[in-house]
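Presented below is the structure to which this report refers.
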Amino acid sequence: MSSSSGQPQFRYSQTPSKVLHLRNLPWECTEEELVELGKPFGKIVNTKSNVGANRNQAFVEFADLNQAISMVSYYASSSEPAQVRGKTVYIQYSNRQEIVNNKSTGDVAGNVLLVTIEGVEAGDVSIDVIHLVFSAFGFVHKIATFEKAAGFQALIQFTDAETAAAARNALDGRSIPRYLLPEHVASCHLRISYSAHTDLNIKFQSHRSRDYTNPYLPVNPSAIEGTLQPTVGADGRKKEPESNVLLASIENMQYAVTVDVLHTVFSAFGTVQKIAIFEKNGGMQALVQYPDVTSAAVAKEALEGHCIYDGGYCKLHLSYSRHTDLNVKAHSDKSRDYTIIDTGILSAPQTSAAGAGGWPSVPFQPASSVYINSAASDGLIGQPAWDASGQRIRPAGYPQAPSATYNGQAYAPSSAPFGVQPGARQSSSVPPSVGQPPLYY
DNA sequence: AGCACA
């Protein structure tokens with residue numbers, strides 16, 4: 001029907017409507033900002049914001065068509081474009097005549113979040129990693145994961161809507177740190193809305209679903225898939241007994257890996273009690289002690305084969321140590337005993353919201369909380385792959401580590417996972433990133 | 001910088 005004569009044409013209607021379509025808005029533009037923008041021209045009776053893949057479009061609906069016309073006309077001839085937070089906003093008549101707000105799901109705050117994990121397949125993000133990330137905001141009651149047309153999704157149940165909202169506000173649009181993901185995952189943005197559910201019905205503990213309120217829920221044996229108990233070497237593979245102490249060997253050590261770096265990494269999975277670093281066969285190894293086998297198992301599962309620094313540097317290989325309680329110097333170059341140095345942050349459960357990020361305390365995962373706080377404040381989880389104008393500021397993932405080296409050890413890269421500068425001296429026993437301002441943005 | 005959702 002339509003001509004194919006290469007003439008650039010407006011694909012969208014210029015027919016006046018009291019609904020205006022706004023684009024190029026700042027990310028997560030609020031309804032209030034939309035109202036402010038339209039107020040001079042008339043009464044805005046409805047809005048719909050955060051529309052589109054980048055959530056940078058919106059609709060506003062005026063009470064009267066003439067009001068919408070006046071706004072469009074004004075900016076059509078104005079030398080000053082419409083702006084929100086300094087960004088030029090492009091305004092056109094919508095091709096619909098009214099805003100239909102579908103607030104049945106997605107925008108009604110509830111205690112259950114619907115999380116879409118973009119750019120990954122179901123096997124790429126373990127439920128333990130999801131649990132870890134969301135536990136920073138409060139006790140996670142239940143998680144159910146599934147695959148839909150939208151991609152890999154998870155329902156995450158918190159105690160209340162406030163906790164869920166805090167998690168949503170902090171994590172929506174952010175990414176899970178790459179070292180928690182398989183190497184082939186380039187990016188992994190979280191899109192979070194509210195579920196209409198209030199209480200998930202979890203039937204089994206499995207690799208797809210968990211009920212953290214009911215540890216005695218039966219485990220679905222066909223669905224365990226090595227998430228927690230990787231010991232069973234059916235073909236006689238790895239039969240090392242589990243332990244609360246992990247032996248980490250570090251391959252491709254281009255950068256100094258300090259006790260503090262290891263502490264930051266391993267604290268994501270539980271309270272790290274002790275760390276000892278030593279040389280073996282010219283390579284570096286470390287022993288990392290947790291209070292329990294479960295934390296060690298989760299850490300082992302999540303970190304095995306992953307690199308501390310982007311670019312394949314400092315690759316971790318983990319096995320269970322035969323030790324159960326390390327005898328280490330409390331505070332040295334090569335070892336640390338966090339059970340002795342009680343900073344009130346590292347080894348004691350947080351009982352107040354006075355953490356670095358001012359986030360709520362995490363009753364069951366104090367160590368996770370510390371980690372998440374540090375990661376978020378350093379822009380790891382929160383690392384924006386996009387700047388405010390929606391321009392990609394970097395290729396996917398972290399900046400590549402620099403190639404320049406000094407004495408066989410690298411200069412501190414401009415940024416690094418965990419907010420730690422490789423090779424930099426860490427004189428404090430506190431993980432370097434906790435409470436510090438972001439290194440970059 | 002180009003039109004929403006169950």
Side-chain angles (χ1 to χ4, degrees), chain A residues 2-4 6-35 37-38 41 44-63 65 67-69 71-110 112-116 118 144 146-155 168 172-173 189 191-198 200 384-393:
Chain A
S2 64
S3 119
S4 56
Q7 190 83 294
Q9 290 174 346
F10 292 110
R11 282 187 294 156
Y12 295 98
S13 167
Q14 302 281 31
T15 309
S17 162
K18 58 187 162 61
V19 180
L20 300 182
H21 176 233
L22 312 186
R23 50 186 210 271
N24 199 39
L25 290 161
W27 194 74
E28 295 274 283
C29 177
T30 66
E31 317 249 332
E32 288 73 22
E33 288 171 308
L34 299 176
V35 171
L37 190 66
F41 304 95
I44 290 181
V45 296
N46 204 353
T47 65
K48 184 170 189 63
S49 59
N50 302 328
V51 166
N54 290 329
R55 294 175 156 250
N56 61 357
Q57 299 174 40
F59 299 93
V60 298
E61 179 177 338
F62 282 96
L65 175 63
Q67 297 168 351
I69 292 174
M71 184 169 184
V72 169
S73 311
Y74 174 83
Y75 284 114
S77 58
S78 168
S79 56
E80 295 293 318
Q83 290 190 329
V84 172
R85 287 185 235 163
K87 280 195 77 177
T88 295
V89 177
Y90 300 90
I91 303 175
Q92 282 184 307
Y93 298 113
S94 172
N95 51 21
R96 300 197 201 178
Q97 292 302 309
E98 61 182 13
I99 292 178
V100 285
N101 282 85
N102 236 329
K103 300 225 168 189
S104 58
T105 65
D107 279 327
V108 176
V112 178
L113 296 178
L114 172 62
V115 179
T116 302
E118 298 179 339
F146 49 92
E147 281 185 284
K148 278 282 181 66
F152 184 43
Q153 294 188 310
L155 290 164
R168 190 192 111 110
D172 191 19
H189 287 255
R191 294 293 172 196
I192 305 179
S193 61
Y194 294 102
S195 164
H197 291 95
T198 57
L200 304 177
W386 305 81
D387 70 8
S389 64
Q391 302 297 307
R392 206 145 173 79
I393 55 177

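Residue numbering restarts at 1 for every chain, and letters A, B, ... go by the order of the sequence lines. Because the structure is predicted, anything quoted here is derived from the model rather than measured.
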Response to the item:
5'-most contact on DNA chain B (nearest-nucleotide basis), A:Glu98 vs A:Arg23, goes to A:Arg23
Fill in: Whole angstrom value for the distance that separates C1' of B:dG2 from CG of A:Asn54
13 Å
Worksheet item: By ring pair (Phe, Tyr, Trp, His ring centres under 6.0 Å), which residues pair with A:Phe41, not counting sequence neighbours?
Response: A:Tyr74, A:Tyr75
Fill in: Among B:dA4, B:dA1, B:dG2, the nucleotide that comes nearest once only the side chain of A:His21 is considered
B:dG2
Practice prompt. Check every atom of B:dA4, B:dG2, B:dA1 against the side chain of A:Ser94 and return the nucleotide holding the closest atom.
Written response: B:dA4
Worksheet item: Between B:dA4 atom P and A:Glu61 atom CD, what is the distance in whole Å?
Response: 16 Å
Worksheet item: Over how many whole Å does the gap from A:Phe59 atom CZ to B:dA4 atom P extend?
Response: 6 Å
Practice prompt. State whether the side chain of A:Asn24 and the backbone N or O of A:Tyr90 hold a donor-acceptor pair below 3.5 Å, judged by distance alone.
Written response: no
Worksheet item: Between A:Asn56 and A:Val51, who's closer to the 5' end of DNA chain B by nearest nucleotide?
Response: A:Asn56
Worksheet entry | side-chain contact (heavy atoms from CB on, under 4.5 Å) between A:Leu25 and A:Leu34, worked out | CA-CA 9 Å; A:Leu25 290 161; A:Leu34 299 176; 4.0 Å; yes
Practice prompt. Could you tell me the separation between the CG atom of A:Leu34 and the P atom of B:dA4, rounded to a whole number of Å?
Written response: 17 Å
Worksheet entry | For atom CD of A:Gln92 and atom C1' of B:dA1, their distance in whole Å | 9 Å
Worksheet entry | By salt bridge (Lys or Arg N to Asp or Glu O under 4.0 Å) - contacts of A:Arg191 (at least two apart) | A:Glu118
Practice prompt. Could you tell me whether the side-chain ring of A:Tyr90 sits stacked on the base of B:dG2, using a centroid cut-off under 5.5 Å and a plane angle under 30°?
Written response: no
Worksheet, complete the sentence: Rounded to whole Å, CD of A:Gln57 lies from C1' of B:dA1 at a distance of 8 Å
Discussion item. In whole Å, I'd like the distance from the CZ atom of A:Arg55 to the C1' atom of B:dC5.
Written reply: 14 Å
Worksheet item: Between atom CG in A:Leu114 and atom C1' in B:dC5, what is the gap in whole Å?
Response: 14 Å
